[in-house]
Amino acid sequence: TLPLAAYAGKYRHPVYGSAEVKMDNGKLKVIFEHHDIFAILEPKGKNDFLCTFSSPILGIHPAPFEVDNGKVKNMTIKVND
């Protein structure tokens, strides 16, 4: 529901560290602080995205963003077990 650039920014998890979402050639790319991988986020509607990792063993998963009053508050990213 927001422009793609509104989802860009730095996100932090107390255990897994930081992830930065950046605009890259018109797409959202996630760079992970402690890992040599990245992910591409494909919009699926509302504030939901499909997360495809650069390493296939991590899988492809939904990646919802939490939005409150038109501002992005949080994102959830999952990897394969």
Side-chain angles (χ1 to χ4, degrees):
T1 58
L2 301 173
L4 283 182
Y7 298 94
K10 288 195 174 193
Y11 298 85
R12 178 144 185 81
H13 187 277
V15 174
Y16 298 113
S18 296
E20 186 171 2
V21 178
K22 298 180 175 185
M23 290 295 300
D24 186 14
N25 291 325
K27 296 182 179 184
L28 290 175
K29 184 176 187 178
V30 186
I31 308 296
F32 300 93
E33 176 183 26
H34 298 296
H35 305 283
D36 191 24
I37 58 165
F38 65 88
I40 300 297
L41 299 176
E42 178 186 351
K44 290 299 187 188
K46 296 193 180 184
N47 299 305
D48 296 325
F49 291 78
L50 189 63
C51 180
T52 303
F53 291 93
S54 58
S55 174
I57 64 169
L58 297 175
I60 299 172
H61 300 279
F65 281 75
E66 179 185 346
V67 176
D68 185 31
N69 291 324
K71 292 196 139 212
V72 177
K73 298 292 183 186
N74 200 357
M75 72 172 171
T76 301
I77 292 183
K78 178 189 182 318
V79 297
N80 285 342
D81 295 336

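To the nearest 0.5 Å, atoms CD1 (I40) and CZ (F53) are separated by 11.0 Å. The structure places CG of D68 at 11.5 Å from CG of N74, a figure rounded to the nearest 0.5 Å. How far NE2 of H13 is from OG of S18: 11.5 Å, rounded to the nearest 0.5 Å. For the atom pair NZ of K78 and CG of L58, the computed distance is 10.5 Å after rounding to the nearest 0.5 Å. Taking CG from L28 and NZ from K22, the interatomic distance works out to 12.5 Å, rounded to the nearest 0.5 Å. Remark: Y11 OH to E33 CD distance equals 16.0 Å, nearest 0.5 Å.
A donor-acceptor contact shorter than 3.5 Å is absent between the side chain of S54 and the backbone of I37. In this structure, the side chain of N80 engages the main chain of I57 through a donor-acceptor pair within 3.5 Å.
Here the side chains of E66 and V72 are not in contact, with every heavy-atom distance at 4.5 Å or above. For the pair L41 and Y7, the minimum side-chain heavy-atom distance is 4.5 Å or more. Looking at heavy atoms from C-beta onward, P43 lies in side-chain contact with L4 at the 4.5 angstrom threshold.
Put simply, V30 and M23 are part of the same group of oily side chains (I, L, V, M, F, W, Y) that touch within less than 4.5 Å, one to the next. Residues I31 and L50 are members of separate hydrophobic clusters, defined by side-chain heavy-atom contacts under 4.5 angstrom among Ile, Leu, Val, Met, Phe, Trp and Tyr.
The environment of NZ in K10 is sparse: at most 12 heavy-atom neighbours from other residues, nucleotides or ligands sit within 6.0 Å.
The heavy-atom pair separating A19 from M75 by the smallest distance is CB-CE, 3.9 Å.
Using the six-membered ring where Trp is involved, H35 and F32 have ring planes that are perpendicular, over 60° apart on the 30 and 60° scheme.
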